[in-house]
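As the structure is a prediction and not an experimental result, all values here were calculated from the model. Below, chains carry the letters A, B, ... as their sequence lines are ordered, and counting in each starts from 1. Values below: all heavy atoms of this structure, side chains included; hydrogens, waters and symmetry mates excluded.
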2 protein chains.
Amino acid sequence: MRQFVHPSSSDIRLESVLHALSDPVRLSIVRQLASEGEATCAALDGGRPKSSMSHHFRILRESGIVKTRNEGTSHMNELRFEDLDNVFPGLLAAILNAAPRV
Amino acid sequence: MRQFVHPSSSDIRLESVLHALSDPVRLSIVRQLASEGEATCAALDGGRPKSSMSHHFRILRESGIVKTRNEGTSHMNELRFEDLDNVFPGLLAAILNAAPRV
DNA sequence: TCGCTTGTTCGATATTATTCGAACAATAGC
DNA sequence: GCTATTGTTCGAATAATATCGAACAAGCGA
């Protein structure tokens with residue numbers, strides 16, 4: 001497990017952010033990170049295989065939504081809320097504010 | 001050309017809206033509609049084939065972002081801004097507020 | 001009715017995403 | 001070093017999207 005790709009704020013693209021959040025699994029991850037502050041990958045799988053979760057975390061990282069840091073053998077994830085809010089003011093707040101609908 | 005599928009406000013899903021707007025062509029359409037109020041399909045193709053545009057307008061319609069009405073032989077499109085803002089307050093505004101980046 | 005214009009629908013292709021098992025990598029602890 | 005834990009990467013199968021030509025549909029006007 002090595003270095004992760006974290007785009008700088010200026011490289012965050014709106015389309016990528018929207019695409020990343022258009023997936024129910026990833027949206028769920030983001031909602032949980034928003035309410036819990038930070039969490040490991042394992043804490044956020046909903047019983048899904050590790051490889052699937054790793055894929056989704058990568059999409060979230062590379063779109064600039066999530067920041068991952070190593071913490072022992074596990075990876076701690078947190079939202080890049082400030083970065084996103086600087087680049088796209090109000091966007092993430094509006095998305096998180098939207099009540100999850102079934 | 002017949003009736004179009006326009007979901008009611010309560011059927012608009014966040015994932016569908018985000019997915020619809022994650023495409024550059026559709027995002028561009030939405031931006032133009034926001035600045036011009038309404039427009040026909042032809043006015044918004046960027047030299048793209050009609051069938052491609054028709055596809056994108058359908059995605060925008062079925063996700064609840066755009067409302068299309070018949071106007072003679074042409075179709076007039078407008079944003080469902082109020083509907084969207086009621087369901088997801090601030091979302092579309094935040095997206096439109098994001099400066100288009102190259 | 002015949003054309004003309006505007007879009008939709010169909011069908012086929014190409015690209016991109018998702019999913020997940022299996023193998024691998026890195027760290028911590030014994 | 002060995003083992004267990006946590007994720008990543010690889011590879012392949014499946015599914016979803018995008019793109020666009022060609023055919024079709026509907027309204028308008030001569």
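- A:S74 contributes no side-chain N or O that forms a donor-acceptor pair with the base of D:dG7 under 3.5 Å.
- Checked against a 6.0 Å centroid threshold, the rings of A:H75 and A:F4 count as neighbours.
- Note on B:R26: every side-chain N or O is 4.0 Å or more away from OP1 and OP2 of D:dT17.
- Positionally, the nearest nucleotide of DNA chain C for A:S22 lies more toward the 5' end than for the other of A:S22 and A:S51.
- One atom, CD1 of B:I59, and another, P of C:dG7, lie 18 Å apart when rounded to the nearest Å.
- In this structure, the CG atom of B:L60 is 14 Å from the P atom of D:dT17, given to the nearest Å.
- Between B:R58 and the phosphate of D:dT17, there is no side-chain N or O to OP1/OP2 separation shorter than 4.0 Å.
- In this entry the distance linking CZ of A:F4 with P of D:dT6 reads 15 Å, nearest Å.
- At the heavy-atom level, B:H55 lies under 4.0 Å from base atoms of the strands shown.
- One finds no side-chain N or O of B:T40 lying less than 4.0 angstrom from the OP1 or OP2 phosphate oxygen of C:dT6.
- A 4.5 Å side-chain heavy-atom check between A:F81 and A:L96 finds at least one atom pair inside the cut-off.
- With rounding to whole Å, B:E71 atom CD is found 14 Å from C:dG7 atom C1'.
- Going from atom NE2 of A:H75 over to atom C1' of D:dT8 covers 8 Å, rounded to whole Å.
- Closest-nucleotide positions on DNA chain C for A:G72 and A:S52 were compared, and the one nearer the 5' end corresponds to A:S52.
- The base of D:dG7 is not paired with the side chain of A:S54 by any donor and acceptor separated by under 3.5 Å.
- Regarding B:E62, its CD atom lies at a distance of 15 Å from the P atom of D:dA16, rounded to whole Å.
- In this structure, CG of B:D45 is placed 13 Å from C1' of D:dC20, rounded to the nearest angstrom.
- Residue A:L27 contributes atom CG, which lies 13 Å from atom P of C:dT18 at whole-angstrom precision.
- Heavy atoms only, all atoms of each residue included: B:V17 and B:S63 are closest at CG2-O, 3.7 Å.
- The main-chain N or O of A:T68 is found under 3.5 Å from a side-chain atom of A:H6 such that the two form a donor-acceptor pair.
- Annotation: side chain of A:I12 is in contact with side chain of A:R80 (closest heavy-atom distance under 4.5 Å).
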